[in-house]
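Every value quoted in this text rests on a predicted model; they were computed, and no experiment measured them. Because only heavy atoms are used, hydrogens play no part in the values below, and waters and symmetry mates are left out as well, while side chains stay in. Numbers restart at 1 for each chain; the letters A, B, ... are given by sequence-line order, proteins then strands.
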Amino acid sequence: MINITFPDQTIRQYEAGVTPLEIARGISEGLARNVLAAEVHGEVRDLTRPIKTSASLRLLTWDDPEGKATMWHSSAHLMAEAIEHLFPGAKFGIGPDIENGFYYDIDLGDRVISEDDFARIEQTMLQFARENQHFNRREVSKDEALRFFGAKGDEYKLELIEDLQDGEITFYESGRFTDLCRGPHLPDTSFIRAVKILSVAGAYWRGDIKRKQLTRLYGITFPKKKELDEFLVQLEEARKRDHRRIGKDLELFTFSPQVGQGLPLWLPRGAQLRERLEQFLKKVQKEAGYLPVITPHIGNVELYKLSGHYQKYGQDSFRPISTPIEGEQFMLKPMNCPHHCEIYRYKPRSYRDLPLRLAEFGTVYRYEQSGELHGLTRVRGFTQDDAHIFCTPDQVKEEFIGVMDIVMKIFKALDFKDFITQISLRDKNNREKYIGTEENWERAEQAILEVAKDSGLNTVIEYGEAAFYGPKMDFLVRDALGRKWQLGTIQVDYNLPERFDLEYTGSDNEKHRPVMIHRAPFGSMERFVAVLIEHTAGKFPLWLAPDQVIILPVSEKFEKYALNIFKVLNNSEIRALVDERNEKIGRKIRDAEMNRIPYMLIVGEKEERENTVSVRKQGEGDLGSYAINAFIEKIDNEISEI
RNA sequence: GCCAAUGUAGCUCAGCUGGCCAGAGCAGCUGAUUUGUAAUCAGCCGGUCGGGGGUUCGAAUCCCUCCAUUGGCUCCA
């Protein structure tokens, strides 16, 4: 007999070799029908794999992330089986579960899969799923594995097997399909009741651009049809919040092929929104001791040779431009730091000058591959809310705290709660690839970790993700479709001070090397505004809204009164407009609602007589009658909350 | 850049396997209506069917090519 410990710490005894599925069945038939996988001793496993020794057990269902993952992983096999059936001779790369579903990389030879094939792939999958195919786990020797896929002619699996140790190789068989796989899997395919193939894309084998491009097919499955429908509705809702769509609807920005792809044109309303964000940050930075600087959009190639960026990124940048007579070469600036370094060293610096915080909304240009461009989130010309802090090594921590404060202030003002804080540190086994002294790195990494800990934020630590020049902390936010984008960043840099030979005179009257901190709380204005649009669905907080108030006269008779109100609001620096169109009030309200104008003031006979306004809030409805001063006070309060 | 797809009026879209002068709604303009909390009515204007080339008696529709966009891959100082 063995002891099985359940999550609630109860312990029950079973025969050795009992399977989690049998245990589930012993608890209730309903549970047995819903359980997808089991966590045994912290390892997620097949439900049908016997438990031989006493262990802790967690039965995983659709409500557990691991349950979903098992379902989707098995679904990837099911899809591969369908593909093999429909496209005989297809070869397979990898087919993992992902955050929302799964994919499989497939080599179809010269055949192609397009969206037209999705329906029959789905049908075939469902047909196979209904056969209740069991997933059978089998341990195989490396030889046997190689022979099997050798006979099949699947060079991708052979390559994967080559990297595995003999004795740790397992196959899973389900229906007509056998795959190299670690598992775990569902007991059988009957759990898969709803299937959707989502998209098809090219993906390089092992992510290597030099290797063959395979067809990557994305899909998702559910235990119930209803859940698939809900997922599709959610997807549709998310698409409505797409910043490209809202940006167009609200006339915030546009693109023109004439200007060039990836080069956004900010329309007046969008430009106002962006300026307001910039002003907000400028004010915060001024209070935090930043000094504004302004530098040109281009820089001599020699500058980037000095910084090292030319050697590293020159080939992937916009080509340099030349002067007509002298043939001097200039690059569109891909970042602001070299310019700022030059500002640092235009005169000798003393430790008394540090920390020196130079800030600039600097527009930079980077060549991004055409297929990579995406709305405002990935562009070729964008403006960073950049600043470089030059400080002594022992000021790093304090400066880091100061920057964190600014980032948090912004996130709070904009009600961003759902962000990921990622700390990128050195790869401990590969220290030679980093520049800077061991002592400084250690100090900076410790400082970042301490700051993160004190902040109370949930942080993810990634070893090996640090830049070669220093550790960093990034803030990631998801867009409407769940894709992660990096917004703010704080990076410690030991490299540029070295390359630019930056110095300061210490209290010991000796020369010392300063440390640089690159930081951009928004990241780029373009990307930040894009994410902001998707988070708010275009319903910006009052202080940011391009138009804050619209006055809606019930008929033309009350236009004069409306204009009076407009003047009063204008004098109070409230951004207002009057809808003077010859339309019914219902229509004016509808249009204002659609334009996401935060407040509507309806004025008619009653309001004119009583010298009031009837207030309606966007998305909420009628708030009743206000004296005009009371309304202004209300608005002012709302704005000063940030 | 690569794989797959898309591109019809300012916007959203219809136009099936090629065949009467290319349609609708919204927006815009004009007029009527003078309006009370999410679309008043009528008329008008508006399109080299992304650009170019080809097949055909005939192309928005089929083929080639270029451009742009979308979903991924790769990259991101």
Side-chain angles (χ1 to χ4, degrees), chain A residues 98 103 105-106 108 112-118 198-218 239 242 244-245 248-249 251 254-262 304 307-317 333-338 364 366-375 378 380 382 384 386 467-469 472 481 483 485-486 489 491 493 495-496 518 524 552-559 581-595 600-607 614-624:
Chain A
I98 52 176
Y103 67 77
D105 284 347
I106 310 151
L108 294 158
V112 294
I113 288 182
S114 77
E115 283 165 34
D116 301 336
D117 300 307
F118 288 5
L198 294 169
S199 64
V200 58
Y204 299 101
W205 172 234
R206 301 210 139 174
D208 185 346
I209 194 162
K210 291 186 200 75
R211 306 196 65 178
K212 181 157 183 178
Q213 189 164 52
L214 307 179
T215 302
R216 177 171 295 179
L217 202 55
Y218 288 87
R239 291 209 172 105
D242 190 313
R244 292 165 298 186
R245 182 187 201 91
K248 197 182 258 182
D249 284 352
E251 299 188 349
T254 188
F255 289 88
S256 152
Q258 293 296 326
V259 173
Q261 50 177 177
Y304 301 104
S307 72
H309 291 113
Y310 185 79
Q311 294 82 325
K312 195 160 159 56
Y313 297 104
Q315 286 311 306
D316 302 319
S317 299
K333 75 174 167 188
M335 81 305 276
N336 305 298
C337 24
V364 298
R366 296 179 185 177
Y367 172 76
E368 300 283 359
Q369 299 187 93
S370 58
E372 195 47 38
L373 299 171
H374 178 93
R378 177 70 104 260
R380 285 178 171 171
F382 58 95
Q384 295 178 312
D386 212 355
F468 74 92
Y469 52 79
K472 62 176 180 171
L481 292 175
R483 291 173 292 214
W485 296 99
Q486 182 198 304
T489 182
Q491 309 184 0
D493 185 352
N495 178 46
L496 282 184
H518 309 249
S524 95
L552 311 177
V554 168
S555 82
E556 283 177 10
K557 288 184 213 155
F558 311 105
E559 222 169 71
R581 292 176 306 165
N582 179 6
E583 291 290 350
K584 295 173 78 164
I585 191 67
R587 176 53 179 277
K588 293 182 183 180
I589 288 170
R590 180 184 153 80
D591 288 347
E593 288 276 351
M594 303 274 281
N595 285 325
M600 287 152 264
L601 301 183
I602 292 129
V603 296
E605 193 186 338
K606 176 169 164 282
E607 288 74 18
S614 184
V615 179
R616 182 188 166 102
K617 190 161 188 183
Q618 200 273 341
E620 290 179 27
D622 197 354
L623 300 186

Q | A:Leu217 and A:Tyr103, any side-chain heavy atoms less than 4.5 Å apart | A | no

Q: For residues A:Tyr469 and A:Asn495, report the shortest heavy-atom separation together with the two atoms involved.
A: CB-CB, 3.3 Å

Q | Side-chain-base donor-acceptor pair under 3.5 Å for A:Arg616 and B:A38 | A | yes

Q. Is there a stack between A:Tyr218 and B:G72, judged by ring centres under 5.5 Å and planes under 30°?
A. no

Q.
Here's a test of your reading of the structure: between A:Glu368 and A:Gly619, which maps to the more 5' nucleotide of RNA chain B?
A. A:Gly619

Q. Step by step, would you call A:Ser256 with A:Gln258 a side chain to side chain donor-acceptor pair (under 3.5 Å)?
A. CA-CA 5 Å; A:Ser256 152; A:Gln258 293 296 326; over 6 Å; no

Q) At under 4.0 Å between heavy atoms, what does A:Arg378 touch on the DNA or RNA strands: base, sugar-phosphate, or nothing? A) base

Q) Are OP1 or OP2 of B:G71 and a side-chain N or O of A:Arg244 less than 4.0 angstrom apart? A) yes

Q: Ignoring hydrogens and angles, answer whether the base of B:G72 and the side-chain atoms of A:Tyr204 contain a donor-acceptor pair closer than 3.5 Å.
A: no

(Q) Is the phosphate of B:U35 approached by A:Lys588 (side-chain N or O, under 4.0 Å from OP1 or OP2)? (A) no

Q: Take atom C1' in B:C64 and the same atom in B:A27, then report the distance between them in whole Å.
A: 37 Å

Q: Please measure how far the C1' atom in B:C57 lies from the corresponding atom in B:C73, and state the result in whole Å.
A: 47 Å

Q.
What's A:Glu559 touching, base or sugar-phosphate or nothing? Going by heavy atoms closer than 4.0 Å.
A. nothing

**Q.** RNA chain B: 5'-proximal contact among A:Val112 and A:Ala467 (nearest heavy atom)
**A.** A:Val112

Q | N/O donor-acceptor pair, side chain A:Arg587 with base B:A39, under 3.5 angstrom | A | no

Q) Can you find an N or O donor on one side and an acceptor on the other, under 3.5 Å apart, linking the side chain of A:Gln213 with the base of B:C2? A) yes

Q | Atom-pair distance (OH on A:Tyr367; P on B:A77), nearest Å | A | 17 Å

Q: Look at the side-chain N and O atoms of A:Gln261 and state whether any lies under 4.0 Å from the OP1 or OP2 oxygen of B:U69.
A: yes

Q) Base, sugar-phosphate alone, or nothing: which one does A:Ala203 contact when heavy atoms must sit under 4.0 Å apart? A) sugar-phosphate

Q: Could you give the distance separating B:C45 and B:U30 at their P atoms, to the nearest angstrom?
A: 15 Å

